[in-house]
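Working notes, beginning with the structure itself.
Letters go in sequence order (proteins before strands), and every chain restarts at 1. Being a predicted model, the structure only gives us computed values, none of them experimental. Atoms considered below: every heavy atom in the structure, side chains included; atoms not considered: hydrogens, waters and symmetry mates.
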Protein chains: 2
Amino acid sequence: MVAHAHLSDADLDRLFRALADTTRRDIVARLLAKGAEPASVSTIAARYEMSFAAVQKHVAVLEEAGLVTKQPKGRERIVRGNPERLAQARALLARLEGLWRARFSQLDAVLAEPRTPKEKS
Amino acid sequence: MVAHAHLSDADLDRLFRALADTTRRDIVARLLAKGAEPASVSTIAARYEMSFAAVQKHVAVLEEAGLVTKQPKGRERIVRGNPERLAQARALLARLEGLWRARFSQLDAVLAEPRTPKEKS
DNA sequence: GGCATGTGCAACCATTCGGTTGTACGTTAT
DNA sequence: ATAACGTACAACCGAATGGTTGCACATGCC
């Protein structure tokens, strides 16, 4: 499975860049939302006040970031959310937090030394 | 505690924007890394080939995003990582994935149906 | 066929970004 | 006091962003 293939720096740049826009986060959220179904680009565009082309470009950015896939269906393109990429982004953040916690357990040892041995983790 | 205060759209824009750069992710990673200690701006800058001013601006971006804090100490500014913000970013991604999973449980019900529901929307 | 719809793409524009160099200023060291 | 260090900030530059309008083209409907 391709699931755990970790992303290049450029991939991560694109991923977080794609998430760094309120409109794009909203598009992703609505695609993933409970009652929501995959929607065509124009259906998505109808929700926002900007031009169709602007929304189309947002979707393109999301697609390049891998957060979304586009599937041709007749004359329209059906857009689906891809939670896999979300998970990968989350994994990176978790890894960073993990580094932090590892650092802390080491710090705890130092702080715990002079006095109460409390508990060893 | 301020832990669960959820961030504004602008805050999230800044947060993910800050993470959307390899150099900045590297800075955060090194600040959080196991053996690492809080470092001055120039110490951090020494690790990269770009100018000091460039790194200083990266740190400023990280600080505005809340991923890092700067504390004056003599003539230098000590930079520390802030895992709290990391956790908040992760929480948003988790929430989006949560939406997805909720959607799936509904979809599962549909798929588990003996035959395709004829109701066309 | 002819027309409306859905999409993509190019050109353009203002703003922001990531980088540079240079300057100013407070702090530390000699 | 003077020099060196650490930081901040401004001005500038090329490239990328986020938006616009307009046009081309394929598909679906009469």
(request) State whether a side-chain donor-acceptor pair under 3.5 Å links A/Asp26 with A/Thr23. (result) no
(request) Mind calculating the distance between CD (B/Gln71) and C1' (D/dG6) to the nearest angstrom? (result) 16 Å
(message) Determine whether A/Val41 and A/Phe52 satisfy the following criterion, side chain to side chain contact (heavy atoms under 4.5 Å, CB included), listing intermediate values before the conclusion.
(response) CA-CA 8 Å; A/Val41 180; A/Phe52 168 80; 3.7 Å; yes
(request) Supply the atom-to-atom distance A/Glu97 CD to A/Arg90 CZ, rounded to the nearest 0.5 angstrom. (result) 10.5 Å
(message) Using a heavy-atom cut-off of 4.0 Å across all strands, would you classify B/Lys70 as base, sugar-phosphate, or nothing?
(response) sugar-phosphate
(message) Is there a side-chain contact between A/Arg24 and the phosphate of D/dG18, meaning an N or O under 4.0 Å from OP1 or OP2?
(response) yes
(request) Please tell me which of A/Gly74 and A/Lys57 maps to the more 5' nucleotide of DNA chain D, matching each residue to the nucleotide holding its nearest heavy atom. (result) A/Lys57
(request) Answer whether the closest heavy-atom distance between the side chains of B/Leu12 and A/Thr22 falls below 4.5 Å. (result) no
(message) Taking the nucleotide of DNA chain C with the nearest heavy atom to each, does B/Asp21 or B/Ala53 sit closer to the 5' end?
(response) B/Asp21
(message) Using a 4.0 Å heavy-atom cut-off, does A/Ala60 contact any base of the nucleic acid, only the sugar-phosphate backbone, or nothing at all?
(response) nothing
(request) Taking only the side-chain nitrogens and oxygens of B/Arg77, find out if one of them lies under 4.0 Å from OP1 or OP2 of D/dA8. (result) yes
(request) With a 4.0 angstrom cut-off to heavy atoms of chain B, pull out the first and last contacting nucleotide of DNA chain C, in 5'-to-3' order. (result) C/dC17 to C/dT28
(request) Would you mind telling me which of D/dT20, D/dT7, D/dA8 lies closest to the side-chain atoms of B/Ser40? (result) D/dT7
(request) Taking atom types as modelled, find out whether A/Arg80 and A/Gln71 have a side-chain donor-acceptor pair closer than 3.5 angstrom. (result) yes
(request) Pick base, sugar-phosphate or nothing for B/Gln56, based on heavy-atom distances below 4.0 Å to the nucleic acid. (result) base
(message) Need to verify one output field. Residue with the more 5' nearest nucleotide on DNA chain D, B/Ser42 or A/Ser51?
(response) B/Ser42
(message) Any carboxylate oxygen within less than 4.0 angstrom of a Lys/Arg side-chain nitrogen, looking at A/Glu63 and A/Lys70?
(response) yes
